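The block underneath contains the structure these notes are about, expressed in structure tokens.
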Amino acid sequence: MLDKNYKAAEVEAAIYAEWEKSGAFACHPDSKAASYTIAMPPPNVTGSLHMGHALTFTLQDILIRWRRMQGRDALWQPGTDHAGIATQMVVERELALEQTDRHKLGREKFIERVWQWKEQSGSTITRQLRALGASPDWSRERFTMDEGLSAAVRKVFVTLYREGLIYRDKRLVNWDPVLHTGISDLEVENIETKGSLWHIRYPVEGTDRHIVVATTRPETMLGDSGVAVHPEDERYQDLVGKFVILPLVGRRIPIVADEYADPKTGSGAVKITPAHDFNDFEVGKRHDLALINIFDRDAKLNDAVPEAYRGMDRFAARKKIVADLEALGLMEKIEPHTLQVPHGDRSGAVIEPWLTDQWYCDAKTLAQPAIASVEQGKTVFVPKTWENTFFEWMRNIQPWCISRQLWWGHQIPAWYGPDGKIYVAETEAEAQAQAGAGVTLARDSDVLDTWFSSGLWPFSTLGWPDETKELKRYYPTDVLVTGFDIIFFWVARMMMMGLHFMRDVPFRTVYIHALVRDERGQKMSKSKGNIIDPLVLIDKYGTDALRFTLTALAAQGRDIKLAESRVEGYRNFVTKLWNASRYAEMNECKLVAGFDPSSCKMTVNRWIVGALAEAAANVTDALEAFKFNEAADALYHFAWGTFCDWYVEFTKPILTGTDEAAKAETRAAAAWVLAQTAHLLHPIMPFVTEVLWREWTGGRDGLLMVKVWPRYAFAVDRDAVAELDWTVTLIAKIREVRAEMNIPGAAELPAFVAAQAQQREWIARHLDQIKRLARLKSVEFATPATKMIQIGADGAELFLDAAGAVDLDQEKARLAKEKGAIEIELGKIDQKLGNAQFMAKAKPEAIEEQRERQAEKQAALDRVGAALARLGA
RNA sequence: GGGCGAUUAGCUCAGCGGUAGAGCGCCUCGUUUACACCGAGGAUGUCGGCGGUUCGAUCCCGUCAUCGCCCA
């Protein structure tokens, strides 16, 4: 006998262990079944499960479990990402606690230390994925720095280099002066900041005129190598080609005409600092201005500036420069100004555009096939609107800076000879061979952007560059499930790399889900303190409740605002299901081998198996279309609203009755429907359904997770549906009237019925149920002589004998109100049907529908009228 | 500045060219052979404003407002 409540916390770990031990998570490369593949977006090895993970992995697990039950050879490829900067920072923090740092340790020892950390702590996230119930093929778990994946990275790098798609270049890079590395545009967060706009007067050489330039970063003036004005700006026509003398520095720099200068902003003239601003860099290139680097790697002023400023931090220098300019009377004015300040997404430091040698990937070339593939529908985004986002990014893609000045990551397979000549090769030996024996080589100390290796994930995890059978079988993957925040970081890169190296898209479908936000719609973040920890919810309500909640809220194209009350509500749903099973068990509803749902004779059973079949079809359709919330909704309403609320209540009299044949059929049908419901719920709520399945089968029939997904050949019995719907409506109406008339719930009232043959038959068949659920003492087929409460149902009139407990004036008022409501409805319909335009132009179905409604309402009106007449109103 | 999305019950959200829905909350009643993490019943909506298309608009189009996100 089941306990009264399901205790998720006590059973989940054991159930999971059983699944994992059974081998049911594994793919079968030699199977004849069609494959179904999802490459799991590898969480950072430093990560711990947050709500976004919980959502994305729940949805992926639903798809995988569902397809697996459908008989597909499902591969959910798991793994973790080495997460260069993030991981290095974690270990560096540890070192700081030990009063040391990576430089004292040296590169080799430091990397050893990171690996150690990875061995000890790197499994946190995978352990938490297990708590979530995720069912990937753990035997195939990969790590982006595994030997195999590293070999793939080297091969890709070397190949792209030889194809000219990777190259070394001196350009401005987003420099993080705290982490001492360049980062890609995507890793930069622009934060709106209140600052100032300083207007500085630059003296024009050989005149007593000044030209005023406005800047948000006065300290960079030390690196100015020009002033730009708009070519059509009349104010400065005569100055173009002349020079200004840069204050504080004394450098003579040209005034150039360039459209970058906006005549409407400030004075219309801008200072140009080509070495420290991306726009200025371009202007400088056009006019051949000098690149004057004034910062060191800490963003402190270097020796290229006047002595007074050397070694100063950029922000301290700003103050001093402003003060010095004011002292010289060269500060025209200072205005408050809000601007976007670039920050490193990891360090939070203000990013400095800095001139360095970096490795770049020619993303523009690689992007073309990716764009074409989406245009041609080889890869489809769901919802489709995200394709615009993808195109927008891909069509304006910039060279991708792939080198990072870090230690943790894939070291770039490039070596330099004493003369600076570059040798790129997969191994040092090859590079040596290229250079010739005896040439001393030094390896490039940089590592690759983490996204470089994760871009290979869909094929590197399958064994590429070896032509493994897994690669052949599981690439391209079927669907990628991810959030829109990494369309650029990851989806785009996988598309580029996959198409280039595999000659095919990495996935057929990209399902983009929402971001999980808090109740107020705010992004969850540590600083806001609004984080809801999925593990806390799991402890409190069980994994299934959390999974069901996320599924029910995962409507396409919307952010998810998560309220804990929803989780609680769906925990209640788990309990409801549990107790329905408990009820079934108490009534000896046992699974019957070979039960054929279409063989049911009783209407109520024919009805419930039909309703189940319909729910099953709805769930399948919803999953096919990635409409997770609709699948959850269909199951919730079938299980609770149909099965528990009506079928269970309806069959109670049968199960406690004496008709053995009826009992047997009902028990078998109830058990079957419940078990099928568990099948349908399993992908969303794997734990409780597995526990119940074991309870019903005694563990003799294997695991639910490998059972066949429901699909039925039998047709829904429409007559049974009509009969039950009518009966349910009748009961609901009686209950409604009773409540309205304040008839005590316990009072059992005699009833009389005047009905057509069909309805008489229906009432007779479900007499016990109607009496029980509507609290009737007796039902007599006759029209009563006295005045009573009167309830109309289609084809029947039911009279309730409240025996003086009810004031007939009250009943008259009730009927009058009902009449009024019907008249309003009928009026609207009459108006519509009386509209010549409507009759001429509306679809025939729409007209027919209105006619039917008109007839319905008219009949109801007649009935209420007759009832009122009988009461003498 | 460019783009995307949202605006529906007190709250969180579905939905949709022709009867406006769910969960939570609220109110009333209730312990009848699963379940009070329950059951029965109920109240609450000019579907953001204004125009347009249409026989008909909460739904399609335009516009405005407000909010959110992404990109410059």
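Here is the naming used below: chain letters follow the sequence lines, and residue numbers restart at 1 for every chain. Predicted, not measured: the structure shown is a model, and the values here were computed from it.
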**OP:** Would you mind telling me which of rG41(B), rA34(B), rG18(B) lies closest to the side-chain atoms of E849(A)?
**Re:** rG18(B)
Original post:
So which nucleotide from rU33(B), rA34(B), rG18(B) ends up closest to the side chain of Y583(A)?
Top reply: rA34(B)
Original post:
Looking only at atom P, what distance separates rG18(B) and rG23(B), rounded to whole Å?
Top reply: 23 Å
Subject >> Nucleotide nearest T575(A) when distance is taken to its side chain, options rC37(B), rG18(B), rG41(B) >> reply: rC37(B)
When the side chains of residues 650-657 of chain A are checked against the rest of the protein, which donor-acceptor pairs come out under 3.5 Å, sequence neighbours left out?
from	atom 1	to	atom 2	distance (Å)
T651(A)	OG1	Y647(A)	O	2.8
T651(A)	OG1	V648(A)	O	3.2
K652(A)	NZ	E649(A)	OE1	3.3
K652(A)	NZ	E649(A)	OE2	3.2
T656(A)	OG1	K652(A)	O	2.9
T656(A)	OG1	P653(A)	O	3.4

Original post:
Under the salt bridge (charged side-chain N to carboxylate O under 4.0 Å, His left out) criterion, do E660(A) and K663(A) qualify, and how do the steps go?
Top reply: CA-CA 5 Å; E660(A) 290 305 323; K663(A) 257 196 217 176; 3.5 Å; yes
**OP:** Ignoring backbone atoms, test whether W646(A) places a side-chain nitrogen or oxygen under 4.0 Å from the OP1 or OP2 oxygen of rA40(B).
**Re:** no
Subject >> Pairwise C1' distance for rA43(B) and rU33(B), with rounding to whole Å >> reply: 33 Å
Original post:
Which of the following nucleotides, rU33(B), rC38(B), rC24(B), is nearest to the side chain of M586(A)?
Top reply: rU33(B)
**OP:** With heavy atoms under 4.0 Å as the rule, sort R853(A) into base, sugar-phosphate or nothing.
**Re:** base
Subject >> Check: Y636(A) ring centre within less than 6.0 Å of Y570(A) ring centre >> reply: yes
Original post:
Quick one, which residues of residues 725-737 of chain A touch RNA chain B with a heavy atom under 4.0 Å?
Top reply: R735(A), E736(A)
Subject >> Nearest-Å distance for atom pair CZ/P, residues R775(A) and rG41(B) >> reply: 14 Å
Original post:
For residues E630(A) and N618(A), is any side-chain donor paired with an opposing acceptor at under 3.5 Å?
Top reply: no
**OP:** For rG10(B) and rG3(B), measure between their P atoms and round to the nearest Å.
**Re:** 35 Å
**OP:** Any strand is fair game: report the nucleotide pairing with rG39(B) by Watson-Crick or G-U wobble, both distances under 3.5 Å, or none.
**Re:** rC29(B)
Original post:
For rG1(B), which nucleotide is its Watson-Crick or G-U wobble mate, given both distances must be under 3.5 Å?
Top reply: rC71(B)
Original post:
Do the non-hydrogen side-chain atoms of T549(A) and Y541(A) ever get within less than 4.5 Å of each other?
Top reply: no
Original post:
What's the closest nucleotide to the R571(A) side chain, out of rG18(B), rC37(B), rG23(B)?
Top reply: rC37(B)
Subject >> Residue D645(A), side-chain heavy atoms: nucleotide from rA40(B), rC35(B), rU32(B) that is nearest >> reply: rA40(B)
**OP:** Figure out the CE/P separation between M839(A) and rG18(B), and round it to whole Å.
**Re:** 18 Å
Original post:
Which nucleotide sits closest to the side chain of K841(A): rU19(B), rC55(B), rC35(B)?
Top reply: rC55(B)
Subject >> Spacing between I743(A) atom CD1 and rU28(B) atom P, to the nearest angstrom >> reply: 20 Å
**OP:** Can you tell me the pairing partner of rG56(B) across any strand shown, Watson-Crick or G-U wobble, with both distances under 3.5 angstrom?
**Re:** none
Original post:
Counting any heavy atom closer than 4.0 Å, what does Q850(A) reach on the DNA or RNA strands: base, sugar-phosphate only, or nothing?
Top reply: sugar-phosphate
Original post:
What interatomic distance, in whole Å, is found between C1' of rG21(B) and the corresponding atom of rU31(B)?
Top reply: 31 Å
Subject >> Rounded distance in Å between the P positions of rA20(B) and rU46(B) >> reply: 14 Å
Subject >> Length of the CG-P vector between L833(A) and rG56(B), whole Å >> reply: 15 Å
Original post:
Taking for each residue the nucleotide of RNA chain B bearing the nearest heavy atom, is the 5' side occupied by Y570(A) or by A552(A)?
Top reply: A552(A)
Original post:
Of the nucleotides rC55(B), rA14(B), rU33(B), which one has an atom closest to the side chain of K652(A)?
Top reply: rU33(B)
Subject >> Within-4.5 Å side-chain heavy-atom neighbours: R738(A) and L800(A) >> reply: yes
Subject >> For atom CZ of F548(A) and atom P of rA22(B), their distance in whole Å >> reply: 16 Å
Original post:
Using a cut-off of 4.0 Å on non-hydrogen atoms, how would the nucleic acid contact of T389(A) be classed: base, sugar-phosphate, or nothing?
Top reply: nothing
**OP:** Identify, between D633(A) and V648(A), the residue whose nearest nucleotide on RNA chain B lies closer to the 5' end.
**Re:** D633(A)
**OP:** May I ask you to test the L724(A)-W646(A) pair for a side-chain heavy-atom distance under 4.5 Å?
**Re:** no
Original post:
When you check the gap from the basic side-chain N to the acidic O, do K843(A) and E849(A) get nearer than 4.0 Å?
Top reply: no
Original post:
Are OP1 or OP2 of rC38(B) and a side-chain N or O of N572(A) less than 4.0 angstrom apart?
Top reply: yes
**OP:** Could you let me know what rA6(B) is paired to, Watson-Crick or G-U wobble, both distances under 3.5 Å, or none if it's on its own?
**Re:** rU66(B)
**OP:** Could you let me know what rC11(B) is paired to, Watson-Crick or G-U wobble, both distances under 3.5 Å, or none if it's on its own?
**Re:** rG23(B)
Subject >> Interatomic distance, Q837(A) CD vs rC55(B) P [rounded to whole Å] >> reply: 6 Å
**OP:** Classify the nucleic acid contact of A846(A) as base, sugar-phosphate or nothing, counting any heavy atom under 4.0 Å across all strands shown.
**Re:** base
**OP:** Please state the P separation for the pair rU12(B) and rG25(B) - nearest whole angstrom.
**Re:** 15 Å
**OP:** Ignoring backbone atoms, test whether K627(A) places a side-chain nitrogen or oxygen under 4.0 Å from the OP1 or OP2 oxygen of rA14(B).
**Re:** no
Subject >> Proximity to the side chain of N579(A) - top-ranked nucleotide from rA34(B), rG18(B), rA22(B) >> reply: rA34(B)
Original post:
To the side chain of S565(A), which of rA22(B), rC24(B), rC55(B) is closest?
Top reply: rC24(B)
Original post:
Are the ring centres of W578(A) and Y6(A) closer than 6.0 Å?
Top reply: yes
Original post:
F488(A) CZ to rC4(B) P: how many Å, rounded?
Top reply: 13 Å
Original post:
Does the side chain of E392(A) come under 3.5 Å of the side chain of N388(A) through a donor N or O and an acceptor N or O?
Top reply: no
Subject >> Rounded distance in Å between the C1' positions of rU8(B) and rG48(B) >> reply: 10 Å
Original post:
Picking from D539(A), L55(A), T551(A), L537(A), what satisfies side-chain contact (heavy atoms from CB on, under 4.5 Å) with L546(A)?
Top reply: L537(A)
**OP:** Check whether any side-chain nitrogen or oxygen of K576(A) sits under 4.0 Å from OP1 or OP2 of rG39(B), and answer yes or no.
**Re:** yes
**OP:** Measure from CZ on R395(A) to P on rG3(B) and round the result to the nearest Å.
**Re:** 15 Å
Original post:
Distance between the P atoms of rU7(B) and rG49(B), in whole angstroms?
Top reply: 13 Å
